[in-house]
Amino acid sequence: METKAVTDVTHLARQLIACESVTPATGAVFDAMEAILAPLGFTISRFVAGEAPDGPVENLFATRGSGSRHFAFAGHLDVVPAGKGWTGSAFEPDERDGLLYGRGAVDMKGSIAAFVAAIGDIPEDAGRISLIITGDEEGPAVFGTRALMEFMAERSIVPDLCLVGEPTSVNTLGDMMKIGRRGSVNMWITVTGTQGHVAYPHNADNPIPRLCAIMSELEKVRLDNGTDWFQASNLEVTDLTVGNEAHNVIPGEASARLSIRFNDRHTGDGLVRMVRSVAELHGGTVEAIVSGEPFLTPPGDFSAIIAAAITEVTGVEPELSTSGGTSDARFLSKLCPVVEFGLRNATMHKLDEAVEIADLEALVEIYRRIVRKALEMPAG
Ligand SMILES: [Zn+2]
């Protein structure tokens with residue numbers, strides 16, 4: 001039984017999918033993960049962080065082996081809610097026509113299973129291997145990977161390389177890996193005026209023209225033209241609100257919301273300062289939340305190892321991309337070079353999420369080659 005548990009990737013994925021773990025996740029899915037890892041010689045630490053509504057969140061850090069190189073795999077066991085309309089049941093894994101169905105099959109219990117299956121036959125003295133597994137990637141990610149990084153910092157644990165198993169492939173397994181991600185910041189601009197009767201404008205102060213002036217100035221800002229590895233940063237206005245129900249009232253307040261996805265030419269705080277300086281010229285105020293800074297692992301030895309492993313197994317040459325939304329790599333990149341590679345993302349977050357079993361098996365072989373090569377890389 002145990003041999004099957006550590007080598008059969010489908011069996012491993014089924015065990016994880018069968019644990020309902022809608023974000024933020026704790027408990028059963030981590031029990032299953034611990035039961036899978038313990039026989040492989042891992043020392044496992046688990047802790048729960050945070051309180052409702054963003055928590056509690058369970059996190060798991062597992063490590064084994066020693067040596068000059070320390071390779072880490074990062075992932076999440078939480079999933080987005082199932083939604084209504086599945087052909088089967090989202091949390092009862094089901095194999096049909098070469099596909100394994102279930103919430104998390106691609107994002108990302110399947111790739112966690114593939115990583116475990118990949119390291120099953122790598123000897124412990126080949127080097128140190130760690131798994132950094134959170135129960136909150138799909139939610140606000142406040143008590144997830146950041147808490148794990150604090151846990152690691154307190155113990156002076158610093159991997160040399162980190163592979164994040166997010167589903168980065170698009171049309172075929174291996175066609176895309178991510179060497180960076182853009183940053184993201186959301187801002188709320190408010191202009192306060194003085195409410196009054198439209199027939200007596202001298203007694204009022206209309207905030208709408210001032211908000212429009214702010215928005216038109218921001219619309220003209222060209223943040224950059226992109227870089228070798230990133231597309232151009234972009235600012236999108238996502239809401240304008242006055243909420244005035246009367247035709248004869250000058251409103252007292254107008255507000256707008258905007259979102260900026262930005263490359264490594266900028267920082268979240270720098271963009272907030274820029275927007276604030278424009279808004280303040282017209283008497284506006286700005287609230288902001290920076291949800292992630294950009295990161296880039298410039299192409300080098302690590303990305304070359306990953307690309308070579310992908311091509312050897314699939315025959316596909318991966319594109320090195322920085323597209324898409326934020327991921328936990330934004331935190332991990334502060335520790336060491338981080339690259340993301342995983343399954344095809346066509347069905348992630350959708351009804352009937354499913355992974356090709358052949359892809360799962362190929363991913364095991366790709367991950368095995370990456371770990372072996374990464375542990376052989378010269379230190380320093
Ligand atoms: Zn994910």
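Read the numbers this way: they start at 1 and go in the same order the structure lists the ligands and their atoms.
Every residue was checked against the ring-ring contact (aromatic ring centres under 6.0 Å, His included) condition with H349, not counting sequence neighbours, and none meets it. Among residues two or more places apart in sequence or in another chain, the ring-ring contact (aromatic ring centres under 6.0 Å, His included) test is passed with F91 by none.
At a cut-off of 2.8 Å, E138 is not counted among the residues with an N, O or S atom near the Zn ion (ligand 1). Residue contact annotation: E166 places an N/O/S atom under 2.8 Å from the Zn ion (ligand 1).
Angle OD1(D107) to the Zn ion (ligand 1) to NE2(H76): 100° [nearest 10 degrees].
Remark: aromatic rings of Y367 and F73 are close, center separation under 6.0 Å.
In this structure, R155 is positioned above the aromatic face of F151, its NZ or CZ under 6.0 Å from the six-membered ring centre and within 45° of the axis.
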